[in-house]
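Presented below is the structure to which this report refers.
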Amino acid sequence: LAKTTQPISMDSYEGQEVNITCSHNNIATNDYITWYQQFPSQGPRFIIQGYKTKVTNEVASLFIPADRKSSTLSLPRVSLSDTAVYYCLVGNNNDMRFGAGTRLTVKP
Amino acid sequence: DAGITQSPRHKVTETGTPVTLRCHQTENHRYMYWYRQDPGHGLRLIHYSYGVKDTDKGEVSDGYSVSRSKTEDFLLTLESATSSQTSVYFCAISESGDRYNEQFFGPGTRLTVL
């Protein structure tokens, strides 16, 4: 299973775009990339998933380069309520594991 | 939000006592999961279920057992709790058995073993 590496923490300000990059050098051809968000005292919540190129939904975009060895979660115009831990997961239909995540703090 | 409840939400127990945590869903999803979350770690899978009476081990299953007698309920049992099992436990459900697909998580149970 591909190991993921993310920054431990990031700071941003309200209204800015935030990009969180996840490294997964050993990603396999049948692996997908999934991102979850977790607020304190809550369970994680699915944000977005992709396999290659770009995926966009109502809350985020996911950019995956052609070699798929990394991925970037982009959060447009963050607000204070986006302060949370963001997890990058890489895995397939049989196994997918959480890493330690990135703690994003949005400041006023 | 997905209809997932966990009970109890908080529990303090003593080493050596049995503990059972309950996960209840109203979504009729086939797949259910138990995770634990510890400081500095993401979530780690303990056990999962792919149907009534069908369960399998995850990456940290030692010291835990599970049962699923109804689609809506998934029980996690610590036969003899140890301090190393102090953690926050999350239940999750999904429609698809493909692990990369979206899972919906419950609110968690904070367990303290003294």
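Convention: sequence-line order gives letters A, B, ...; per-chain numbering from 1.
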Taking side chain as everything from C-beta outward and backbone as N, CA, C, O, which of these in B/Q37 sits under 4.5 Å from a heavy atom of chain A? Side chain, backbone, both or neither. side chain

Please answer: with hydrophobic residues joined when any side-chain heavy atoms are less than 4.5 Å apart, are A/V55 and A/I33 in the same cluster? yes

Do B/V52 and B/Y50 sit in the same hydrophobic cluster, where Ile, Leu, Val, Met, Phe, Trp and Tyr count as joined when their side-chain heavy atoms come under 4.5 Å apart? no

Return the CG to OH distance between B/N101 and A/Y32, rounded to the nearest 0.5 Å. 8.0 Å

Would you mind checking which part of A/Q42 comes under 4.5 Å of any heavy atom in chain B, side chain (CB onward), backbone (N, CA, C, O), both or neither? backbone

Below 4.5 Å from any heavy atom of chain A, which atoms of B/L43 appear? Answer side chain, backbone, both or neither. both

Which heavy atom of B/Q103 sits nearest to which heavy atom of A/Y36, and what is that distance? N-OH, 3.0 Å

Which atom of A/T34 lies closest to which atom of B/Y100, heavy atoms considered: OG1-O, 3.3 Å

Looking at B/E14, I'd like to know if its CD atom is crowded, meaning that more than 12 non-hydrogen atoms belonging to other residues, nucleotides or ligands lie closer than 6.0 Å. no

Got a sec: does the CZ of A/F39 have more than 12 other heavy atoms crowding it under 6.0 Å? yes

Side-chain heavy atoms under 4.5 angstrom apart, residues restricted to Ile, Leu, Val, Met, Phe, Trp, Tyr: same cluster for A/I20 and A/V78? yes

Is B/F104 close to A/F46 at the side-chain level, that is, under 4.5 Å between some pair of heavy atoms? no

If you define the side chain from C-beta out and look only at heavy atoms, does anything of A/R97 sit under 4.5 Å from B/E59? yes

Verify same cluster id: A/F63, A/V90 (apolar side-chain graph, 4.5 Å): no

Most heavy-atom pairs under 4.5 angstrom with chain B, which of A/I8, A/V85, A/N94, A/L89? A/N94

Taking a hydrophobic cluster as the set of Ile, Leu, Val, Met, Phe, Trp and Tyr residues connected by side-chain heavy atoms closer than 4.5 Å, whether directly or through intermediates, do A/I48 and A/V59 fall within one such cluster? yes

Mark yes or no for whether B/R99, through its side chain, and A/N92, through its backbone, hold a donor-acceptor pair below 3.5 Å. no

